[in-house]
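So the structure is just underneath, and the comments pick up after that.
Atom set for the values below is all heavy atoms of this structure, side chains included, hydrogens, waters and symmetry mates excluded.
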Amino acid sequence: GMRLLICFFFQEQYQKDIKKFKGKDRDYLLLIENIRLFLINKIEKYPRYKELKEIFFYDYWQFFNATYYGYLINKNTNLLNLSESRMYLSPNMQIMVLLIIDLMASPNFKISELGIVRDMFWKIQRMGRIGNSVTTFKREIGEDDFTSDVFAYMISSGLIKKEELK
């Protein structure tokens, strides 16, 4: 009961929030939603879908949350800090989503190893995020995109001030 209520609330909130966005931001969020619907139609045929679907939705929501948090940072750079940047933005790499999809299609995977595999893939996701941040931050300056961990690190280290970002 409570899980369904929470999912319903977030779906309703998503529908309200999406209307706030314009242009490229709205197009991007609609693309994410269309991809989610496409994926669900495909993966519900996988042998372990029922067993792992709640984890898929959790991981997908983390991706959406990362995207939304990035939007909030770019809207208000005063929000930017190293701890939240590291915690909230890594899921935008989608490694955990892709992992759980692979596991849904893997009937021989030992479910008892799920925690170990997720821990390893979380670290891979974090490494991917670091690599992405280091290689894209210069381009993102021109796009007024300050979601790179590089900006959070530079602010936390006192190398730049938040006011210098805009």
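- Contact of the Lys75 side chain with the Tyr71 side chain is registered, since non-hydrogen atoms from C-beta on lie closer than 4.5 Å.
- Between Arg129 and Ser133 there is a side-chain heavy-atom pair separated by less than 4.5 Å.
- Annotation: Lys162, atom NZ; neighbour count of heavy atoms from other residues, nucleotides and ligands within 6.0 Å is above 12.
- Linking ILVMFWY side-chain heavy atoms closer than 4.5 Å, directly or via other members, places Val117 and Ile124 in a single hydrophobic cluster.
- Criterion: ILVMFWY side-chain heavy atoms under 4.5 Å apart, direct or through other members. Under it, Leu99 and Tyr58 are not part of a common hydrophobic cluster.
- Between the CG atom of Leu72 and the OG1 atom of Thr67 there is a distance of 11.0 Å, given to the nearest 0.5 Å.
- For the atom pair Phe146 CZ and Ile155 CD1, the distance stands at 9.0 Å (nearest 0.5 Å).
- A 4.5 Å side-chain heavy-atom check between Ile111 and Leu52 finds at least one atom pair inside the cut-off.
- Ser148 places a side-chain N or O within 3.5 Å of a backbone atom of Val150 that can act as its donor or acceptor partner.
- Note that CD of Glu54 and CD1 of Ile100 are 11.0 Å apart. Values are rounded to the nearest 0.5 Å.
- In this model, no donor atom of one side chain and acceptor atom of the other lie less than 3.5 Å apart for Ser83 and Asn81.
- No side-chain heavy atom of Ile55 sits less than 4.5 Å from a side-chain heavy atom of Leu103.
- Here Phe63 pairs with Tyr60 under the ring pair (Phe, Tyr, Trp, His ring centres under 6.0 Å) rule; sequence neighbours left out.
- Listed by chain and number, the residues in a ring pair (Phe, Tyr, Trp, His ring centres under 6.0 Å) with Tyr46 amount to none (sequence neighbours excluded).
- The nearest pair of heavy atoms linking Asn41 to Lys45 is O-NZ, 2.8 Å.
- For the atom pair Gln125 CD and Met120 CE, the distance stands at 13.0 Å (nearest 0.5 Å).
- With sequence neighbours excluded, the residues satisfying ring pair (Phe, Tyr, Trp, His ring centres under 6.0 Å) with Tyr88 are Tyr69.
- Side-chain contact check for Met96 versus Arg118: some heavy-atom pair is nearer than 4.5 Å.
- No salt bridge links Asp102 with Arg48; every basic N to acidic carboxylate O contact stays at or beyond 4.0 Å.
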Decide side chain to side chain contact (heavy atoms under 4.5 Å, CB included) for Met104 and Phe56; before the verdict, give the C-alpha distance in whole Å, the side-chain angles of both, and the deciding distance to 0.1 Å. CA-CA 9 Å; Met104 286 177 173; Phe56 168 79; 3.4 Å; yes
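- For the pair Asn132/Asn92, no side-chain contact is recorded, criterion being any heavy-atom separation below 4.5 Å from C-beta on.
- Separating the CD atom in Glu140 from the CG atom in Asp145 is a distance of 4.5 Å, to the nearest 0.5 Å.
- When atom types are taken as modelled, the side chain of Ser157 and the backbone of Met154 share no donor-acceptor pair closer than 3.5 angstrom.
- Summarising the local packing, CZ of Phe57 is surrounded by more than 12 heavy atoms from other residues, nucleotides or ligands at distances under 6.0 Å.
- No side-chain donor-acceptor contact under 3.5 Å links Glu113 to the backbone of Lys110.
- At a threshold of 4.0 Å, the pair Asp149-Arg126 counts as salt-bridged, since one of the basic side-chain nitrogens sits closer than that to a carboxylate oxygen.
- Here CD1 of Ile141 is found 11.0 Å from CD of Glu164. Values are rounded to the nearest 0.5 Å.
- The shortest side-chain heavy-atom distance between Leu79 and Glu84 falls under the 4.5 Å cut-off.
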Might you work through the ring pair (Phe, Tyr, Trp, His ring centres under 6.0 Å) test for Trp61 and Phe64, ending with a clear yes or no? CA-CA 5 Å; Trp61 190 257; Phe64 182 79; 5.0 Å; yes
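- Here the rule is side-chain contact (heavy atoms from CB on, under 4.5 Å) with Asn74, and of Thr147, Asp144, Leu80 only Thr147 fits it.
- For the residue pair Gln62/Asp59, the side-chain donor-acceptor check at 3.5 Å is not satisfied.
- Proximity of Ile40 to Tyr49: side-chain heavy atoms (C-beta onward) are separated by under 4.5 Å at one or more points.
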